[in-house]
2 protein chains.
Amino acid sequence: MGVTKTQVFTDKQNRIADLAKALAHPARVAIIQHLLKEKSCVCGDLVEVLPLAQATVSQHLKELKNIGILHGEINPPRVCYCINETVWQEAKAIFGEILEPDVAVACCN
Amino acid sequence: MGVTKTQVFTDKQNRIADLAKALAHPARVAIIQHLLKEKSCVCGDLVEVLPLAQATVSQHLKELKNIGILHGEINPPRVCYCINETVWQEAKAIFGEILEPDVAVACCN
DNA sequence: CGATTCAATCGTAAATATACGATGAGAATT
DNA sequence: AATTCTCATCGTATATTTACGATTGAATCG
């Protein structure tokens, strides 16, 4: 995208944005859903499950790793991906916190 | 970004991705937080609160409107923005659903 | 009516994202 | 040692994002 002036926002706002980015693409949503379902950490399977090229899947996995939601263990000749429980809890907490407030108050009155 | 082959994913996966995009930029996070705090629907204030140009803020507001999270009411000479309660509940439900499962199972064993 | 105010939109530059084919690295198998 | 398998990375084309200044549109105020 453009530049995103991260410096001018709080660490928390930036972290929320990063965690949201993990879910901000349907392919990454699909990856996460798959990993949640198959508790065992599949990986090459993802390429078969997703209608995307292997390079593209690998790229999405890399992003999710960078955000911290996933980590991969080399288990030759395969690589095992799984959800990072710590970061998963963080996401749960952070999204819960921001989504919690009710907006029942009518506005523009 | 690139193209995003939305056709090959489910409607739900695409909707999750769209709702996540609302939170996938710190400026939009800040906008939403501000609207949650000031239950009254401020608007021009956002430009003062955010360290961004008016055109940029307007652009983020447009995106949030497109996703459905916000709607604006013209109230000359100002425009009142507020969170769309229906979509807010949808976001709550959809994120709650995907984040709910525990990942306590160790992986790559 | 003219000036002012608020917000949307236009036009644009630069950075980033998405996707894919091709290639490379590492390990096991033949 | 050569082949095969799995996955990461490179290179690249294209689209989208982000950001801003400038302009426009609508409406109030003097």
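Protein chains get the first letters and strands the later ones, always in sequence-line order, with residue 1 at the start of each. Values below: all heavy atoms of this structure, side chains included; hydrogens, waters and symmetry mates excluded.
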- Is the phosphate of dC20(C), meaning OP1 or OP2, less than 4.0 Å from a side-chain N or O of Lys5(B)?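 Yes, Lys5(B) has a side-chain N/O under 4.0 Å of OP1/OP2 on dC20(C).
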- Distance test, side-chain N/O of His60(A) to OP1/OP2 of dA19(C), below 4.0 Å: yes
- Query: Between Leu19(A) and Val87(A), does a side-chain contact (heavy atoms from CB on, under 4.5 Å) hold up when you go through it step by step?
  - Reply: CA-CA 9 Å; Leu19(A) 288 172; Val87(A) 178; 4.0 Å; yes
[N] [atom2] sits how many Å from [X] [atom1], rounded?
X        : N       : atom1 : atom2 : answer
Ile74(A) : dA25(C) : CD1   : P     : 15 Å
Leu46(A) : dA19(C) : CG    : C1'   : 17 Å
Arg28(A) : dT16(C) : CZ    : C1'   : 12 Å
Ile31(A) : dA19(C) : CD1   : P     : 10 Å
Asn75(A) : dA27(C) : CG    : P     : 13 Å
Lys21(B) : dT18(D) : NZ    : C1'   : 15 Å
Leu64(B) : dT17(D) : CG    : P     : 13 Å
Asp18(B) : dT16(D) : CG    : P     : 13 Å

- Just by distance, do the side chain of Trp88(A) and the backbone of Leu70(A) share a donor-acceptor pair under 3.5 Å? no
- Query: Got a donor-acceptor contact below 3.5 angstrom from the Asn84(B) side chain to the His71(B) backbone?
  - Reply: no
- Item | Glu97(A) and Lys92(A) ion-paired at < 4.0 Å | no
Please list, pair by pair, any protein nitrogen or oxygen found under 3.5 Å from a nitrogen or oxygen in nucleotides 5-11 of chain C.
from, atom 1, to, atom 2, distance (Å)
dC6(C), O4', Pro77(B), O, 3.4
dA7(C), OP1, Gly44(B), N, 3.2
dA7(C), OP1, Val79(B), N, 3.4
dA8(C), OP1, Tyr81(B), OH, 2.2
dA8(C), OP2, Ser58(B), OG, 2.6
dA8(C), N7, Gln54(B), NE2, 2.8
dA8(C), N6, Gln54(B), OE1, 3.0

- Anything under 30° is parallel, anything over 60° is perpendicular, the rest tilted; go ahead and classify His25(B) against Phe9(A).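 Geometry flag for Phe9(A) against His25(B): perpendicular rings.
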- Query: Arg15(B) and Glu90(B): salt bridge (Lys or Arg N to Asp or Glu O under 4.0 Å), yes or no, with the steps?
  - Reply: CA-CA 10 Å; Arg15(B) 183 59 176 157; Glu90(B) 181 195 357; 2.7 Å; yes
